[in-house]
Amino acid sequence: MVKRILVTGGAGFLGSHLCDRLVAMGHDVICLDNLFTSQKSNIAHLLDFKNFEFVRHDITQPIMLEVDEIFNLACPAAPGHYQYNPIKTMKTSVLGAINVLGLAKRVRAKVFHASTSEVYGDPDVHPQPESYRGSVNPIGPRACYDEGKRAAETLFFDYHRQNKVNIRVVRIFNTYGPRMHPFDGRVVSNFIRQAIHGEPITLYGEGTQTRSFCYVDDLLDGFLALMNAPDDLPGPVNIGNPSEFTIRQLAELVIELSGSRSQIIKARPLPMDDPLQRRPDITLARARLGWEPKIALREGLARTISYFQSIDMSQFRAPTPNY
Ligand code: NAD
Ligand code: UDP
């Protein structure tokens, strides 16, 4: 059945890939974005499709639309982006959630929310299952994002309980791939950009902190599986790749795969509240969605390096000075 689907944050890294999938499936897709951390080139190839339209709008403001489903992805995701204007980040999470939930309630749409592994903060349970309540510093530099996302989850579950809104909440762990912004300051984009240009690879801290990296195609399979799962699964569901790497291992792999002569340097101390370890427990996604990632880091990085080699980076404007 063809559905009318709203994707907030649809011009971003994940949102543009999601729009690609939904348009290819024949759905009527509305991509809403204020282009804070993205650019129209991510969706330029979709603009001529009859079942795709772009709306430039800020999700902190209400919007009236008639849709069957909503994917709520609008929010800066890279630390340098969400810390640039932390009050706006909190507004985007909280007012954005209120606006999409109000819309979903009015038109009885199913609504999906992109939450994050950051709700677990700097975790003292490892790996992190959905039942872990997290260890977030509520007044630190990451709180605008972490607490904003936690408050958004609360709103989703309250609209679900109070107003019977059909919700899906996914907790996304570090995801990478083509269309990441080359100047977003995230570790994968930084290391690949630096390696391609022969610049030093900038480790923060000793590089012993860990992350578990999921390739974008795998993540989207998880998104769609959760959106189409039975209604008794509102989430939250962890979606991520459980293969865990130190940041130094990531740097070495990027150098190897790109054939770079870059040196690894200790560029600065570990930023405040930077989680020391992160790895998803995906037991729930495996059991209820039959989902698990298929693309290994080596393969996904090779594809992402090819993408970064293919773009003209001078065409990209850094959204904030924080990269
Ligand atoms: P991104 O920055 O590429 O995409 C976010 C999009 O939201 C951008 O296009 C941006 O312009 C838009 N946006 C920001 N504020 C907005 C506002 N007020 N109104 C309308 N649009 C707005 O980042 P991404 O990696 O594609 O992340 C997408 C979503 O997934 C975010 O909600 C993020 O928190 C979540 N997430 C991503 C990851 C990851 O590793 N990529 C991990 C956890 C959670
Ligand atoms: N990091 C790094 N060098 C960089 C960028 C990031 O060592 O140039 C580290 C950062 O301190 C963190 C990890 O890489 O420990 C992942 O950072 P990112 O900003 O990609 O995402 P996070 O998972 O922290 O939100």
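Numbering of ligands and ligand atoms starts at 1, following listing order.
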Seminar exercise, completed: P271 heavy atoms within 4.0 Å reach ligand 2 at atoms 11 (O)
For this session: Below 4.0 angstrom from a heavy atom of T202, which ligand 2 atoms are there? Numbered from 1 as shown, please.
Result: 2 (C), 3 (N), 4 (C), 7 (O), 8 (O)
Exercise. Are K266 and E206 ion-paired here, with the side-chain N under 4.0 Å from a carboxylate O?
Worked result: yes
Exercise. Once you round to the nearest 0.5 Å, how far does CD of E69 lie from CD1 of I5?
Worked result: 4.5 Å
For this session: Could you point out which residue of I295, T175, V187 forms a side chain to side chain contact (heavy atoms under 4.5 Å, CB included) with F213?
Result: V187
Seminar exercise, completed: To atom 7 (O) of ligand 1, the nearest of C75, C214, G12 on a heavy-atom basis is C75
Exercise. Taking heavy atoms and a distance under 4.0 Å, where does I247 meet ligand 2: side chain, backbone, both or neither?
Worked result: side chain
Exercise. Do any nitrogen or oxygen atoms of N174 come within less than 3.5 Å of a nitrogen or oxygen of ligand 1?
Worked result: no
Exercise. For ligand 2, which atoms, with element, lie under 4.0 Å from some heavy atom of G185?
Worked result: 5 (C)
Exercise. For the atom pair CE (M180) and CG (N190), what is the distance rounded to the nearest 0.5 Å?
Worked result: 9.0 Å
Exercise. Any luck finding a side-chain donor-acceptor pair between R171 and S117 under 3.5 Å?
Worked result: no
Exercise. Thinking salt bridges, do R142 and D273 make one under a 4.0 Å N-O criterion?
Worked result: no
For this session: If you have a sec, work out which protein heavy atom is nearest atom 18 (P) of ligand 2 and how many Å separate them, to one decimal?
Result: V187 N, 3.8 Å
Exercise. In terms of atom number and element, which parts of ligand 1 are under 4.0 angstrom from non-hydrogen atoms of L35?
Worked result: 11 (O)
Exercise. Polar-atom distance check: L14 versus ligand 1, any N or O pair below 3.5 Å?
Worked result: yes
Exercise. What part of N174 sits under 4.0 Å from ligand 2 if we count only heavy atoms: the side chain, the backbone, both or neither?
Worked result: side chain
Exercise. Ion pair present between D217 and R303, side-chain N to carboxylate O less than 4.0 angstrom?
Worked result: yes
For this session: Please say whether F13 places an N or O atom under 3.5 Å from an N or O atom belonging to ligand 1.
Result: yes
Problem set entry | Parallel, tilted or perpendicular: ring planes of Y215 versus Y176, cut at 30 and 60 degrees | perpendicular
Exercise. Taking the six-membered ring where the residue is Trp, are the ring centres of F112 and F71 under 6.0 Å apart?
Worked result: yes
For this session: Before signing off on this row, confirm whether T116 and ligand 1 have an N or O atom pair separated by under 3.5 Å.
Result: no
Problem set entry | ligand 2 atoms in contact with N190 (distance to a heavy atom under 4.0 Å) | 4 (C), 5 (C), 8 (O)
Exercise. Which atoms from ligand 2 have a heavy atom of F191 less than 4.0 Å away?
Worked result: 3 (N), 4 (C), 8 (O)
For this session: Number the atoms of ligand 1 from 1 as they appear, then name those within less than 4.0 Å of a heavy atom of F36, with their elements.
Result: 11 (O)
Exercise. Is there any N or O on T37 that sits under 3.5 Å from an N or O of ligand 1?
Worked result: yes
For this session: Check each atom of ligand 2 against the heavy atoms of D274 and keep those under 4.0 Å away; list them by number with element.
Result: 10 (C), 11 (O), 12 (C), 15 (O)
Problem set entry | Interfacing atoms of ligand 2 (cut-off 4.0 Å, heavy-atom, R142) | 22 (P), 24 (O), 25 (O)
Exercise. Would you call R106-E66 a salt bridge at under 4.0 Å N-O?
Worked result: yes
Exercise. For ligand 1, which atoms have a heavy atom of H57 less than 4.0 angstrom away?
Worked result: 19 (N), 20 (C)
Exercise. Which atoms of ligand 2 are found less than 4.0 Å from any heavy atom of L203?
Worked result: 7 (O)
Exercise. Any N or O of H81 that comes nearer than 3.5 Å to an N or O of ligand 1?
Worked result: no
Problem set entry | Lys/Arg N to Asp/Glu carboxylate O, R288 vs D232, below 4.0 Å | yes
For this session: Output the list of atoms in ligand 1 that are nearer than 4.0 Å to some heavy atom of I172, sorted by atom number.
Result: 30 (O), 35 (C), 36 (N), 38 (C), 42 (C), 43 (C), 44 (C)
Problem set entry | Minimum non-hydrogen distance to atom 44 (C) of ligand 1, winning option of S115, A77, A114 | S115
Seminar exercise, completed: Heavy-atom proximity to atom 40 (O) of ligand 1, picking from I43, T175, L219, points to T175
Exercise. Quick check: does N72 get an N/O under 3.5 Å from an N/O on ligand 1?
Worked result: no
Exercise. Taking 4.0 angstrom as the limit, do E153 and K149 come out as a salt bridge?
Worked result: no
Exercise. Which one of L32, L73, V216 has a non-hydrogen atom at the shortest distance from atom 28 (C) of ligand 1?
Worked result: L73
Problem set entry | Close-contact set for ligand 1 against Y145 heavy atoms, below 4.0 Å | 33 (C), 34 (O), 36 (N), 43 (C), 44 (C)
Exercise. Considering only protein heavy atoms, which is closest to atom 1 (N) of ligand 2, and at what distance to one decimal place?
Worked result: Y204 CD1, 3.5 Å
Seminar exercise, completed: atom 25 (O) of ligand 1: of R211, M180, R186, the nearest heavy atom sits on R186
